[in-house]
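First up is the structure itself, then whatever we jot down about it.
Quick caveat, the model's predicted, so the values are computed rather than measured. Below, read A as the first sequence line, B as the second, and so on, with proteins coming before strands; counting in each chain starts at 1.
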Number of protein chains: 2
Amino acid sequence: MRLVVADCSVDYSGRLDTHLPRATRLIMVKADGTVAVHADGSRVQPLNWMGTPNQLIEEDGRWIVTNGKGERLTIDLYQVLYETAFEMGEDPGLQKDGVETELQRLIAERVEVLGPGMELIRREHPTPVGPVDLLCRDSSGTVAVEIKRRGDIDGVEQLTRYLEFLGRDERLAPVRGVFVAQLIKPQARLLAEDRGIDCIELDYDGLREIDSPILKLF
Amino acid sequence: MRLVVADCSVDYSGRLDTHLPRATRLIMVKADGTVAVHADGSRVQPLNWMGTPNQLIEEDGRWIVTNGKGERLTIDLYQVLYETAFEMGEDPGLQKDGVETELQRLIAERVEVLGPGMELIRREHPTPVGPVDLLCRDSSGTVAVEIKRRGDIDGVEQLTRYLEFLGRDERLAPVRGVFVAQLIKPQARLLAEDRGIDCIELDYDGLREIDSPILKLF
DNA sequence: AGTTCCATGTCGCGG
DNA sequence: CCGCGACGTGGAACT
């Protein structure tokens, strides 16, 4: 990783056009050529960047980074205050725990929390427009379940698309939808209920408790 | 901005839990306290971070960053390879040109490019599921317009939601939809046309020309 | 503070 | 390489 601290201005042209007036910033060049320009301000993301693959041309006082899609990042360097480079080696990568996959597993093992008599048919049931998180069955017929950490309008749209296709399958019909999330936004709830989709807010932490060995002692 | 290159492992606990095994990485601390951990790999984003406001406690070989929402970032430092700091001052900020707001303005001033006899009723017309970019009128009745830089399937879904609600308003009905973008993806076009939504590809650069003072001389 | 939607979203996975 | 969906999405604008 190469680090350059410089007084610079930056222009990006591609998906849109941006201009960054002259100031002191950090320019980061990663091992694969990824370039990022960071200010000292309150931002996690860089102000400008160019992902890999790209080509970096260093002229006198000017860097030009281009990629194959017609995007161009131009960095004008007025004064380089500092420059260094480090060999960091391959990164082992980030391990995540508690994402949607895990929530799906928790609920799949306890589908009865979604309603009396609920039974799991299968997880990740495929449809032409993508896989349904859970396909279940209860006294009303087939139940398609979409699980989210946060219940947003997009999730309702997603479930709606699944229902549209599942409903055409005579072996499954009738199919109703259940939208499950830790927190369901008002607009998402409005849209869901308008389409006859049930909304269930679930406390995943509580669910995890049920799943835990501690409770299994009883 | 403070830069630390160190052999470290990182743990985050908050919205989920993550673990980052021991390796050499760059730790960036911005002026307002924002902390970010970058690997040398193919990533623009940091692997872990903690935005502002937060509190950083530096113990011997361990940094603990917490915020008011119960999130915690723990960085264990095994060896600090390098450390430095720079005063960068306030950043003038990024100027953007060509984002959706601007496109909307350009089209709002020239709604006739969307069809003969088209008239603008209002921009950002509110519905229960969000604001319609443009609400227009022509000989066919009311026209709801969704404007995107890139015409993706999400945009069609969005417009469909608006139409669903607008169509129920007796004062507006009948309402048809128009999906406008510089480039409309085949799948988005397919879905749109399946739902009776018109697709219009517009050259925003050309539109900007029309809008420019140069042409106004004529 | 809460909610909405945009974003050069980014990123990872599967076809 | 493209499409799809999750993301600690982040960030801004507006209520």
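In the set dT8(C), dC11(C), dG5(D), dC11(C) carries the atom at the smallest distance from any side-chain atom of Val44(B). When distances are taken from the side chain of Tyr162(A) to each of dG5(D), dT10(C), dG8(D), the shortest belongs to dG5(D). The side chain of Lys185(B) lies closest to dG3(D), out of dT4(C), dG3(D), dG8(D).
Side-chain nitrogen and oxygen atoms of Arg15(B) include at least one within less than 4.0 Å of the OP1 or OP2 phosphate oxygen of dG10(D). Put simply, Lys148(A) has no side-chain N or O that comes within less than 4.0 Å of OP1 or OP2 on dC7(D). Side-chain nitrogen and oxygen atoms of Arg161(B) include none within less than 4.0 Å of the OP1 or OP2 phosphate oxygen of dT4(C). Remark: Arg150(A) is not in phosphate contact with dT3(C), judged by side-chain N or O atoms under 4.0 Å from OP1 or OP2.
The 12-atom threshold is not exceeded at CZ of Arg137(A), counting heavy atoms of other residues, nucleotides or ligands nearer than 6.0 Å.
Gln158(A) and Glu146(A) make their closest contact through NE2-OE2, 3.6 Å (heavy atoms, listed as atom of the first residue, atom of the second, distance).
Proximity of a side-chain donor or acceptor of Thr34(A) to a complementary backbone N or O of Lys30(A) within less than 3.5 Å is not detected. The backbone N or O of Gly93(A) lies less than 3.5 Å from a partner atom in the side chain of Asp91(A), making a donor-acceptor pair.
Among the protein residues, Ile147(B) comes within range of no part of the nucleic acid, since none of its heavy atoms lies under 4.0 Å from any strand. Using a 4.0 Å heavy-atom distance criterion, Thr101(B) is classed as making no nucleic acid contact. Here Gln158(A) lies in heavy-atom contact (under 4.0 Å) with sugar-phosphate atoms only. Residue-level contact check: Glu146(A) touches the backbone only, with heavy atoms under 4.0 Å from sugar-phosphate atoms and none from bases.
Look at CG on Leu94(A): it is 12 Å from C1' on dC7(D), rounded to the nearest Å. Put simply, CD on Gln45(B) is 8 Å from P on dT10(C), counting in whole angstrom units.
Toward the 5′ end of DNA chain C lies the nearest nucleotide of Val99(B), the other residue of the pair Val99(B) and Ser42(B) mapping further downstream.
Under the side-chain contact (heavy atoms from CB on, under 4.5 Å) test applied with Val10(A), the options Leu20(A), Thr74(A), Leu47(A) reduce to a single match, Leu20(A).
Judged by distance alone with a 3.5 Å cut-off, a donor-acceptor contact links the side chain of Asn48(B) to the base of dG8(D).
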